[in-house]
**Student:** 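There's a structure below that I have some questions on.
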Amino acid sequence: QVQLVESGGGLVQAGGSLRLSCAASGRTFSSYVMGWFRQAPGKERDFVAAISWNGGSTLYADSVKGRFTISRDNRKNMVYLQMNSLKPEDTASYYCAADINYSGVLYGRHGNSYEYDYWGQGTQVTVSS
């Protein structure tokens with residue numbers, strides 16, 4: 001069992017930055033892949049980024065490459081999403097998720113929300129123009 005709690009969302013102007021945090025508890029945090037997804041009202045949940053067990057491999061959606069950075073601190077059981085150069089289209093609820101069945105990021109797997117086993121409750125990010 002894994003419990004995930006996101007924080008750090010808020011209202012920011014276009015071009016600004018936010019850092020989201022996700023605190024994990026339960027199963028050994030350093031053994032599995034973590035991901036970030038987002039969902040805007042009336043839209044599907046979209047992949048944002050994923051990171052391997054040790055942070056050595058990452059995967060990003062094309063829409064956030066070069067602007068967002070995913071990282072993790074296994075000593076603190078935390079995963080982060082640093083979001084820079086935010087755009088109004090980044091407005092969404094952001095969710096962290098855990099795939100406890102894999103330690104390494106796989107391109108064909110970790111972009112799919114159904115591959116993840118545990119989810120947080122989400123944190124809202126609103127980017128004003």
Side-chain angles (χ1 to χ4, degrees):
Q1 193 80 356
V2 175
Q3 294 78 42
L4 302 172
V5 179
E6 302 95 336
S7 62
L11 174 64
V12 64
Q13 288 189 331
S17 298
L18 280 176
R19 188 176 85 151
L20 305 184
S21 300
C22 175
S25 60
R27 194 184 181 101
T28 305
F29 179 71
S30 60
S31 64
Y32 51 82
V33 169
M34 293 293 297
W36 284 97
F37 287 76
R38 65 187 182 186
Q39 188 169 20
K43 296 188 177 181
E44 294 185 351
R45 190 167 293 190
D46 291 332
F47 170 73
V48 176
I51 189 166
S52 64
W53 69 279
N54 63 351
S57 296
T58 56
L59 184 66
Y60 294 95
D62 288 344
S63 59
V64 306
K65 277 181 183 176
R67 300 190 298 123
F68 290 11
T69 302
I70 188 171
S71 62
R72 66 191 296 164
D73 185 341
N74 287 344
R75 297 168 300 173
K76 297 181 179 179
N77 286 7
M78 297 290 294
V79 64
Y80 305 100
L81 186 69
Q82 177 65 45
M83 304 186 296
N84 299 329
S85 302
L86 282 160
K87 305 174 181 179
E89 51 263 45
D90 294 319
T91 295
S93 292
Y94 283 72
Y95 299 87
C96 67
D99 178 1
I100 63 172
N101 295 300
Y102 275 76
S103 58
V105 172
L106 296 180
Y107 177 79
R109 174 183 177 94
H110 289 109
N112 301 313
S113 60
Y114 56 81
E115 299 290 2
Y116 291 79
D117 308 288
Y118 296 96
W119 293 83
Q121 83 291 346
T123 186
Q124 178 67 34
V125 172
T126 303
V127 184
S128 63
S129 57

**Student:** Where the side chain of N112 meets the backbone of Y114, is there a donor-acceptor pair that is under 3.5 Å apart?
**Tutor:**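 Checked: no pair found.
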
**Student:** What closest approach, in Å, do C22 and M34 show between heavy atoms, and which atom pair accounts for it?
**Tutor:**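 Scanning both residues completely, I find the closest heavy atoms to be SG-CE, 4.2 Å.
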
**Student:** Between D99 and D117, is any pair of side-chain heavy atoms under 4.5 Å apart?
**Tutor:**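 Result yes, sub-4.5 Å side-chain heavy-atom pair found.
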
**Student:** Treat each ILVMFWY residue as a node, draw an edge where side-chain heavy atoms are under 4.5 Å apart, and state whether L4 and F47 are in one component.
**Tutor:**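 Each belongs to a different hydrophobic cluster.
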
**Student:** Linking I/L/V/M/F/W/Y whenever any side-chain heavy atoms sit under 4.5 Å apart, do F29 and L20 land together?
**Tutor:**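 In one cluster with F29: L20, yes.
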
**Student:** Do R27's NZ or CZ and the ring of Y32 fall within the cation-pi criteria of under 6.0 Å and 45°?
**Tutor:**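 Verdict for Y32: no cation-pi partner in R27.
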
**Student:** Check whether any side-chain N or O of E6 sits under 3.5 Å from a backbone N or O of Q121 as a donor-acceptor pair, and report yes or no.
**Tutor:**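 Pair found, side chain donor or acceptor close to backbone of Q121.
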
**Student:** Check whether V48 and I70 end up in the same hydrophobic cluster, where Ile, Leu, Val, Met, Phe, Trp and Tyr are linked by side-chain heavy atoms less than 4.5 Å apart.
**Tutor:**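 V48 clusters together with I70.
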
**Student:** If you group Ile, Leu, Val, Met, Phe, Trp and Tyr by side-chain heavy-atom gaps below 4.5 Å, do Y80 and Y60 land in one group?
**Tutor:**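 As far as the 4.5 Å side-chain criterion goes, Y60 and Y80 are not connected within one cluster.
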
**Student:** Hey, could you give me the CE/CZ distance between M83 and R67, rounded to the nearest 0.5 Å?
**Tutor:**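 Output value for this atom pair is 9.5 Å.
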
**Student:** When the ring planes of F68 and Y94 are compared, do they come out parallel, tilted or perpendicular, using 30° and 60° as the limits?
**Tutor:**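 Answer is tilted, since the angle falls between 30° and 60°.
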
**Student:** Does atom CD of E44 have more than 12 heavy-atom neighbours from other groups under 6.0 Å away?
**Tutor:**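 Atom CD in E44 is not packed in, count stays at 12 or less.
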
**Student:** Using side-chain heavy atoms (C-beta onward) and a distance below 4.5 Å, is V125 in contact with D90?
**Tutor:**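 No, too far: nothing below the 4.5 Å cut-off.
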
**Student:** In plain terms, say whether K65 and D62 are close enough for a salt bridge, that is, a side-chain N and a carboxylate O under 4.0 Å apart.
**Tutor:**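 So K65 pairs with D62 through a salt bridge.
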
**Student:** Hey, any chance V105 and Y107 share a hydrophobic cluster, counting ILVMFWY side chains that come within less than 4.5 Å of each other, even indirectly?
**Tutor:**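 Cluster IDs for V105 and Y107 match.
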
**Student:** If you round to the nearest 0.5 Å, how far is CD1 of I51 from CH2 of W36?
**Tutor:**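 Between W36 CH2 and I51 CD1, I get 11.5 Å after rounding to 0.5 Å.
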
**Student:** When you check the side-chain N and O atoms of D73 and S71, is any donor under 3.5 Å from an acceptor?
**Tutor:**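 There is no such pair (donor and acceptor under 3.5 Å, judged by atom type) between the side chains of D73 and S71.
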
**Student:** Atom OG of S129 and atom CD of Q13: how far apart are they, to the nearest 0.5 Å?
**Tutor:**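 These two atoms lie 9.5 Å from each other.
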
**Student:** Heavy atoms only: give me the nearest S128-L11 pair and the separation to one decimal.
**Tutor:**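 Distance-wise, the nearest heavy atoms are CB-CD1, 4.4 Å.
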
**Student:** Answer yes or no for R45 and F37: cation-pi contact, defined as NZ/CZ to six-membered ring centre under 6.0 Å and angle to ring axis within 45°.
**Tutor:**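 Not flagged: R45 not positioned over aromatic ring of F37.
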
**Student:** Give, for atom OG1 of T123 and atom CG of L81, the distance between the pair rounded to the nearest 0.5 Å.
**Tutor:**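 Between T123 OG1 and L81 CG, I get 11.0 Å after rounding to 0.5 Å.
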
**Student:** Nearest 0.5 Å, please: how far is OG1 in T69 from CZ in R19?
**Tutor:**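 Answer rounded to 0.5 Å: 11.5 Å.
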
**Student:** Ignoring hydrogens and angles, state whether a donor on the side chain of Q39 or S93 is under 3.5 Å from an acceptor on the partner side chain.
**Tutor:**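 No, because no side-chain N or O of Q39 sits under 3.5 Å from a partner of the opposite role on S93.
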
**Student:** Decide yes or no on side-chain contact (heavy atoms from CB on, under 4.5 Å) for Y116 and H110, but give the supporting numbers first.
**Tutor:** CA-CA 8 Å; Y116 291 79; H110 289 109; 3.3 Å; yes

**Student:** Supply the atom-to-atom distance T91 OG1 to R38 CZ, rounded to the nearest 0.5 angstrom.
**Tutor:**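 Going from OG1 on T91 over to CZ on R38, the span is 9.0 Å.
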
**Student:** Which residue is it: V33, V79, N77? I am looking for the one with a side-chain contact (heavy atoms from CB on, under 4.5 Å) to R72.
**Tutor:**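 The side-chain contact (heavy atoms from CB on, under 4.5 Å) with R72 is passed solely by V79 among V33, V79, N77.
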
**Student:** Where is the tightest heavy-atom contact between A40 and A92, given as atom of each residue plus distance?
**Tutor:**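 Closest pair (atom of A40, atom of A92, distance): N-CB, 3.9 Å.
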
